[in-house]
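Note that the numbering runs from 1 along the sequence shown for the chain.
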Amino acid sequence: MSAPVIAVPFKVLAGQLSACPGARPDEQQPHACAVTRDRGATVTGFEPRPDCSPLRVSYVWMQGDVVAVEESHGGSARISDGTGEFTARGLDSVPRGSPCLAPGEYVLVYGAVVSCGPDIVIKATKVTGLTSNPSHRAMWRAEVADLQQNLP
């Protein structure tokens, strides 16, 4: 029996989703990825924790630097978190505060996993700019590792 799918935004790194197989062509339904937990042993990059069962996630909370912004797919952005890159789609229809979708801005993205593996795509439900407070970037890796190490 596989683990239940975590259906709330789960803190995860792009490096973890890139290690998951599979893509789902139907953007109307979230894709459940089996995410290997992060040991948190490195500041950059992802180090798998093989002693725990994978977590099945379909909604994620990711943070990173905006690399590029495009008008395609209802507004999309390519974002890098230091462990890999992902694409956030549907940005024209999500709530966001002050303008934060410009290259170099540090953002938080909540959304449903559309595909994982080498081409990670998230259908965004929320985007928030975090550039104004550098502690968000500095603490992100530790937050992800702490959460994943302390889940049963």
Side-chain angles (χ1 to χ4, degrees), residues 5-25 27 30-49 54-151:
V5 175
I6 297 173
V8 297
F10 184 76
K11 294 179 181 180
V12 67
L13 303 171
Q16 291 174 280
L17 291 181
S18 67
C20 298
R24 185 176 186 95
E27 291 192 27
H31 176 67
C33 291
V35 174
T36 301
R37 299 182 199 213
D38 185 15
R39 291 171 60 99
T42 62
V43 176
T44 61
F46 160 67
E47 186 175 325
R49 184 176 173 195
L55 300 168
R56 294 184 64 220
V57 299
S58 56
Y59 293 92
V60 294
W61 167 345
M62 300 177 78
Q63 292 180 194
D65 293 295
V66 176
V67 176
V69 180
E70 299 177 10
E71 298 300 318
S72 62
H73 302 286
S76 67
R78 193 78 181 151
I79 300 168
S80 172
D81 72 357
T83 68
E85 290 189 359
F86 63 96
T87 300
R89 290 187 181 163
L91 300 176
D92 290 344
S93 61
V94 299
R96 55 182 180 246
S98 59
C100 59
L101 290 174
E105 293 292 316
Y106 190 73
V107 296
L108 168 155
V109 176
Y110 289 163
V113 176
V114 174
S115 68
C116 46
D119 186 27
I120 304 164
V121 177
I122 307 302
K123 184 176 181 185
T125 55
K126 178 180 178 179
V127 177
T128 302
L130 301 176
T131 301
S132 63
N133 186 343
S135 66
H136 291 295
R137 180 179 309 183
M139 294 301 298
W140 179 240
R141 286 281 286 121
E143 288 179 37
V144 172
D146 182 60
L147 171 70
Q148 293 182 16
Q149 289 175 9
N150 289 298
L151 284 176

What closest approach, in Å, do [X] and [Y] show between heavy atoms, and which atom pair accounts for it?
{"X": "Gly15", "Y": "Thr83", "answer": "N-OG1, 2.8 Å"}
{"X": "Ala124", "Y": "Val109", "answer": "CB-CG1, 4.1 Å"}
{"X": "Val107", "Y": "Gly129", "answer": "CG1-CA, 4.3 Å"}
{"X": "Gly104", "Y": "Asp65", "answer": "O-OD1, 3.9 Å"}
{"X": "Gly75", "Y": "Asp92", "answer": "N-OD2, 3.5 Å"}
{"X": "Ile120", "Y": "Ser18", "answer": "CD1-N, 3.6 Å"}

Using 0.5 Å steps for rounding, measure from the [atom1] atom of [X] to the [atom2] atom of [Y].
{"X": "Asp119", "Y": "Leu17", "atom1": "CG", "atom2": "CG", "value": "11.5 Å"}
{"X": "Arg78", "Y": "Glu70", "atom1": "CZ", "atom2": "CD", "value": "9.5 Å"}
{"X": "Glu85", "Y": "Ser80", "atom1": "CD", "atom2": "OG", "value": "5.0 Å"}
{"X": "Gln16", "Y": "Met62", "atom1": "CD", "atom2": "CE", "value": "8.5 Å"}

Listed partners of Tyr110 passing ring pair (Phe, Tyr, Trp, His ring centres under 6.0 Å), at least two apart = Trp61
inquiry  = Any heavy-atom pair between the side chains of Ile122 and Ile79 that's under 4.5 Å?
reply    =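 Heavy-atom side-chain distance check fails, nothing below 4.5 Å.
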task = Show your working on side chain to side chain contact (heavy atoms under 4.5 Å, CB included) between His136 and Leu108 and close with a plain yes or no.
result = CA-CA 9 Å; His136 291 295; Leu108 168 155; over 6 Å; no
ask   = Is there a donor-acceptor pair closer than 3.5 Å between any side-chain N or O of Asp81 and the backbone N or O of Leu13?
value = no
message = Between Thr131 (side chain only) and Tyr106 (backbone N and O only), is there a donor and an acceptor less than 3.5 Å apart?
response = yes
task = Report the residues that fulfil side-chain hydrogen bond (donor to acceptor under 3.5 Å, both in side chains) with Ser132, sequence neighbours left out, ordered by chain and then residue number.
result = none
